[in-house]
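Heads up, the thing below is written out as structure tokens.
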There are 2 protein chains.
Amino acid sequence: MSTTPPAEPRLRVDAQRNYDAVLAAAHRLFAEHGIDVPMDEIGREAGVGKGTLYRHFPTKDHLYAAVSLERFARLRDRADELASQADPWDALASWVRDFDLSAHHYRGLSGRVSEGLGREDSEVSRACLPMRARADVLLRRAQDSGEMDPNIDIKALLTLVSSLPDSYRDGDGSSNLLDVVLNGLHRAPSPPPTHG
Amino acid sequence: MSTTPPAEPRLRVDAQRNYDAVLAAAHRLFAEHGIDVPMDEIGREAGVGKGTLYRHFPTKDHLYAAVSLERFARLRDRADELASQADPWDALASWVRDFDLSAHHYRGLSGRVSEGLGREDSEVSRACLPMRARADVLLRRAQDSGEMDPNIDIKALLTLVSSLPDSYRDGDGSSNLLDVVLNGLHRAPSPPPTHG
DNA sequence: ACCTGAACACCGTTCAAGT
DNA sequence: ACCTGAACACCGTTCAAGT
């Protein structure tokens with residue numbers, strides 16, 4: 001369950017140290033100032049030059065994807081856990097709440113996630129993939145149970161939730177507007193067939 | 001029902017002509033390329049220098065608000081019309097659909113509207129105000145009827161709807177995701193009181 | 001193989017100089 | 001009173017030169 005970078009060819013020790021320093025700096029600055037902090041500052045905070053910064057993260061989107069990887073991995077595992085929960089709708093709803101919290105972890109991030117999901121070739125889309133596949137299982141199970149709107153697919157669901165505004169969150173970070181969305185997806189369970 | 005600029009002190013003829021040219025150019029370029037076209041290009045298309053451009057629209061947000069004014073005025077009138085419709089929920093839902101269509105009129109615009117609503121002192125907020133007051137009437141009527149979630153106010157409603165992603169729209173421009181939101185706000189009408 | 005920092009491109013905004 | 005365009009600030013990204 002290590003959450004360090006991709007498996008890729010191993011990096012030289014100094015390169016690995018720089019990679020880690022940049023990622024840590026990004027986490028720190030994103031947490032404090034939101035994701036709009038300039039790349040410049042991230043490089044400075046990490047103590048590396050621009051060349052190094054862009055060697056490891058060729059674009060700011062790469063950095064967004066990188067700081068999301070751990071969270072997405074946790075959500076992937078969480079989906080697997082919830083897959084064995086009795087009530088399919090409750091399982092999905094729980095997961096969606098977790099995803100919403102996670103997507104808004106840094107101010108401004110969820111908008112990028114939403115936008116990234118729109119481009120299948122984006123870094124964020126790639127980073128989402130394993131999580132998305134597991135969440136899809138939860139989604140289909142909820143739809144098969146009849147308790148969930150059948151007209152929405154996993155990509156639309158993730159896009160919708162991550163497009164919710166950063167405002168309208170309680171102290172604990174949960175969104176009031178998310179309740180509207182979840183309620184809108186919920187369906188009254190149909191009674192079991194009784195014709196035989 | 002004229003929809004030309006604010007009432008403000010009258011402009012010199014050449015100034016008025018430039019104002020109109022900039023606004024028309026903005027409409028044209030926003031329609032074709034979305035709202036991210038550079039101010040530069042808008043000025044060039046309008047045939048005015050940067051000084052003129054920024055004299056009339058001190059900030060790009062001013063331009064966003066200005067190109068939205070007519071649409072907001074129409075939505076204000078539409079709310080007044082719908083206020084006399086029999087079913088309070090249907091009236092509100094109709095208006096919200098119109099608002100959604102309007103907010104997404106130019107690619108990228110609705111995100112700015114959503115963001116602008118978050119700052120009460122923004123140009124967009126100011127431009128919205130009359131429309132927002134009339135829509136509030138529809139909202140409260142729907143809530144009083146019991147057919148609508150009582151936990152959402154007009155600002156939250158507008159923010160939520162305008163935060164919906166630009167994607168997931170049919171040919172006619174209507175959003176599939178909006179249906180989820182509307183459904184989430186809807187409540188089964190409570191039966192009329194029958195105790196006396 | 002990896003690093004640094006100067007340089008470039010782009011875009012919103014300002015301002016000195018004109019009429 | 002209003003206009004123009006050069007100049008500035010900011011930020012993402014590239015690249016020549018170093019080790």
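This is a predicted model, so every value here is computed, not measured. Each chain gets a letter, A, B and so on, in the order the sequences are listed, and its residues count up from 1.
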Can you check the [X] [atom1] to [N] [atom2] distance for me, whole Å?
X        : N       : atom1 : atom2 : result
Asp36(A) : dC11(D) : CG    : C1'   : 11 Å
Arg10(B) : dC2(D)  : CZ    : P     : 13 Å
Asp40(B) : dG12(C) : CG    : P     : 7 Å
Tyr54(A) : dA1(C)  : OH    : P     : 24 Å
Gln16(B) : dC3(D)  : CD    : P     : 11 Å
Leu53(B) : dC2(D)  : CG    : C1'   : 14 Å
Met39(B) : dT14(C) : CE    : P     : 10 Å
His62(B) : dG12(C) : NE2   : P     : 15 Å

OP1 or OP2 of [N] under 4.0 Å from side-chain N/O of [X]:
X        : N       : result
His56(A) : dC2(C)  : no
Arg55(B) : dC2(D)  : yes
Lys50(A) : dG5(C)  : no
Thr59(B) : dG12(C) : no
Asn18(B) : dC2(D)  : no

When Thr52(A) and Val37(A) are each assigned the nearest nucleotide of DNA chain D, the 5'-most assignment goes to Val37(A)
Is dC2(C) paired to anything, Watson-Crick or G-U wobble with both distances less than 3.5 Å, and if yes, which nucleotide?
-> dG18(D)
Look through every strand shown and name the nucleotide pairing with dT13(D) as Watson-Crick or G-U wobble, where both distances are under 3.5 Å.
-> dA7(C)
Could you tell me whether Arg140(A) atom CZ has more than 12 heavy atoms of other residues or ligands within 6.0 Å of it?
-> no
Listed nucleotide nearest any side-chain atom of Arg12(B), set dG12(C), dT13(D), dA1(D) | dA1(D)
Indicate yes or no: at least one non-hydrogen side-chain atom of Met39(A) is less than 4.5 angstrom from one of Leu63(A).
-> yes
Is Ser162(B) reaching over with its side chain to a backbone N or O of Leu158(B), donor-acceptor style, under 3.5 angstrom?
-> yes
Tell me yes or no: between the side chains of His104(B) and Arg169(B), is some donor less than 3.5 Å from an acceptor?
-> yes
Would you call the rings of Tyr19(B) and His56(B) parallel, tilted or perpendicular, where under 30° means parallel and over 60° means perpendicular?
-> perpendicular
